[in-house]
Amino acid sequence: MAALSKSIPHNCYEIGHTWHPSCRVSFLQVTWGALEESLKIYAPLYLIAAILRKRKLDYYLYKLLPEILQSASFLTANGALYITFFCTLRRGLLTIYMANLATETLFRMGVARGAITTLRNGEVLLFCITAAMYMFFFRCKDGLKGFTFSALRFIVGKEEIPTHSYSPEAAYAKVEQKREKHEEKPRRMNIISLVRKLVNLICKHGPRHRCCKHYEDNCISYCIKGFIRMFSVGYLIQCCLRIPSAFRHLFTKPSRLLSLFYNKENFQLGAFLGSFVSIYKGTSCFLRWIRNLDDELHAIIAGFLAGISMMFYKSTTISMYLASKLVETMYFKGIEAGKVPYFPHADTIIYSISTAICFQAAVMEVQTLRPSYWKFLLRLTKGRFAVMNRKALDVFGTGASKHFQGFVPRLDPRYTVVKPELPIEFS
């Protein structure tokens, strides 16, 4: 702890913007790089979202560009203001992420210092607990709203919502109408119809409990179809995420296009989503058979067991994000119930604290920062974050230069306080 009270004689050029001695020029360079990268991120994101939501022409003419610029300016401001405050206060106080990233960074700091012991498959356990609570709120009336409710309804299906707006008789009528339509139009013998036919053939005489809302299927086919559907969704999502990198090597390495479809991560994400849905539905049906009733409490057990599916696709990022959103959801529920006080601008305060923690780690101990976020910072600053003189910061005892061994910035002696160390040149 004594190392934290030490000071260093260097100026902001010697430690921070080592690529140029001028604070103003460095600010402009970082700002321009951040703006360019922000537009690359948000322009296609908003455009794809607008297409998927089937926006009208007025949106593209009057709203699309302002929304892109608003988000891009926010991300740009984080990078620009960081270098501004670095030169003004000689300390980084900002970053560009959320509270879950700061929490994960603090956890990594604790592990690096030996204060916290890691738990094997801890991210899976956290996801199990989070999934149990999410599914419980999903099953409760007015438990979840907005995008979260819509997302879970898409994943597990509306059959698991206890408050249906239609009766069993209406459901059976809809099933009959669908059958009549299918009989009128000849089916195309494609892969999807063949798989569906095979599943229906296998599970034709399976059981279905009277409390189950999946009127079109028995319990066995209900679980199998749920797995196939979400496995396909996960597989396609991972394929789409790999399209930009695959087409980048279209002409140099055409063989890499095969990895777009035959990749381990594609099947891992598919297995994760598919098994989550099938375990949840299977457990829910099993509990309805045992208890002879449909209860919201079943969702806690089913959600927890379904969380084990993360063994196929372990992700600390997903677990931390969902846990953070769950805390936020419970906080707002507490406000609605009058149990928890409302703090004005609490989101701004949490964001500011989180950004301070993450940028502090990015400067003083990069090894504790999430690798994907560190790569993002490098993209946002055009690699300038990596050329800070972290060797001068080792005096604080955080291992600032641990991942930058051998790096010595080329400094102009006319603008330095301490005589700069000459870079090592290899023959």
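Since we're looking at a predicted model, the values are computed, not measured.
Side-chain atoms of Thr130 come within 3.5 Å of backbone N or O of Leu126 as a donor-acceptor pair. No donor-acceptor distance shorter than 3.5 angstrom exists from the side chain of Asp295 to the backbone of His298, with no hydrogens or angles considered. Side-chain N or O atoms of Tyr134 include none that pairs as donor or acceptor with a backbone N or O of Gly303 at under 3.5 Å. With hydrogens and angles ignored, the 3.5 Å screen pairs a side-chain donor or acceptor of Arg390 with a backbone N or O of Val363. Side chain of Asp394 to backbone of Ala400: a donor-acceptor contact under 3.5 angstrom is found.
Under a cut-off of 6.0 angstrom, the local environment of CZ in Phe404 is crowded, with over 12 non-hydrogen atoms contributed by other residues, nucleotides or ligands.
Nearest heavy-atom pair across Thr76 and Ala72 is OG1-O, 2.6 Å. Nearest heavy atom pair, residue Pro44 against residue Leu39, reads CD-O, 3.9 Å. Taking every heavy atom of both residues into account, Ala386 and Phe407 meet most closely at O-CE2, 4.3 Å. The two residues Ala362 and Leu377 have their closest heavy-atom pair at CB-CD1, 3.8 Å. Closest non-hydrogen pair, Thr368 versus Ala361, comes out as OG1-CB, 3.8 Å. Of all heavy-atom pairs spanning Ile68 and Ala43, the tightest one is CD1-CA, 3.9 Å.
Arg153 meets the salt bridge (charged side-chain N to carboxylate O under 4.0 Å, His left out) test with no other residue; sequence neighbours excluded. Scored by the side-chain hydrogen bond (donor to acceptor under 3.5 Å, both in side chains) test, Tyr59 finds Glu67 as partners (sequence neighbours excluded). For Asp58, the side-chain hydrogen bond (donor to acceptor under 3.5 Å, both in side chains) criterion is met by no residue, not counting sequence neighbours. Tyr313 pairs by the ring pair (Phe, Tyr, Trp, His ring centres under 6.0 Å) definition with nothing, not counting sequence neighbours. Partners of Tyr46 by ring pair (Phe, Tyr, Trp, His ring centres under 6.0 Å), not counting sequence neighbours: none found. In this structure Lys314 satisfies the side-chain hydrogen bond (donor to acceptor under 3.5 Å, both in side chains) test together with Asn121, sequence neighbours excluded. Listed by chain and number, the residues in a salt bridge (charged side-chain N to carboxylate O under 4.0 Å, His left out) with Arg288 are Glu160, Asp294 (sequence neighbours excluded). Among residues two or more places apart in sequence or in another chain, the ring pair (Phe, Tyr, Trp, His ring centres under 6.0 Å) test is passed with Phe149 by Phe138. Annotation: ring pair (Phe, Tyr, Trp, His ring centres under 6.0 Å) contacts of Phe227 (sequence neighbours excluded): Phe231. Taking Tyr42 as the reference, nothing meets the side-chain hydrogen bond (donor to acceptor under 3.5 Å, both in side chains) condition, with sequence neighbours excluded. Checked against salt bridge (charged side-chain N to carboxylate O under 4.0 Å, His left out), Arg229 has no partners two or more places apart in sequence or in another chain.
Rounded to the nearest 0.5 Å, atoms CG (Leu287) and CG (Leu293) are 9.5 Å apart. Rounding to the nearest 0.5 Å gives a distance of 12.0 Å between CG of Leu28 and CG of Leu35. To the nearest 0.5 Å, atom OG of residue Ser319 and atom CE of residue Met310 are 3.5 Å apart. For the atom pair CD1 of Ile300 and CZ of Phe137, the computed distance is 9.0 Å after rounding to the nearest 0.5 Å. Separating the CZ atom in Arg370 from the NZ atom in Lys375 is a distance of 13.0 Å, to the nearest 0.5 Å.
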Under 3.5 Å, which donor-acceptor pairs link side chains of residues 278-286 to any protein atom two or more places apart or in another chain?
residue : atom : partner : partner atom : Å
Ser278  : OG   : Gly274  : O            : 3.1
Ser278  : OG   : Ser275  : O            : 3.1
Lys281  : NZ   : Val156  : O            : 3.4
Thr283  : OG1  : Ile279  : O            : 2.7
Ser284  : OG   : Tyr280  : O            : 2.8

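A salt bridge does not link Glu336 with Lys333: none of the charged nitrogens is closer than 4.0 Å to a carboxylate oxygen.
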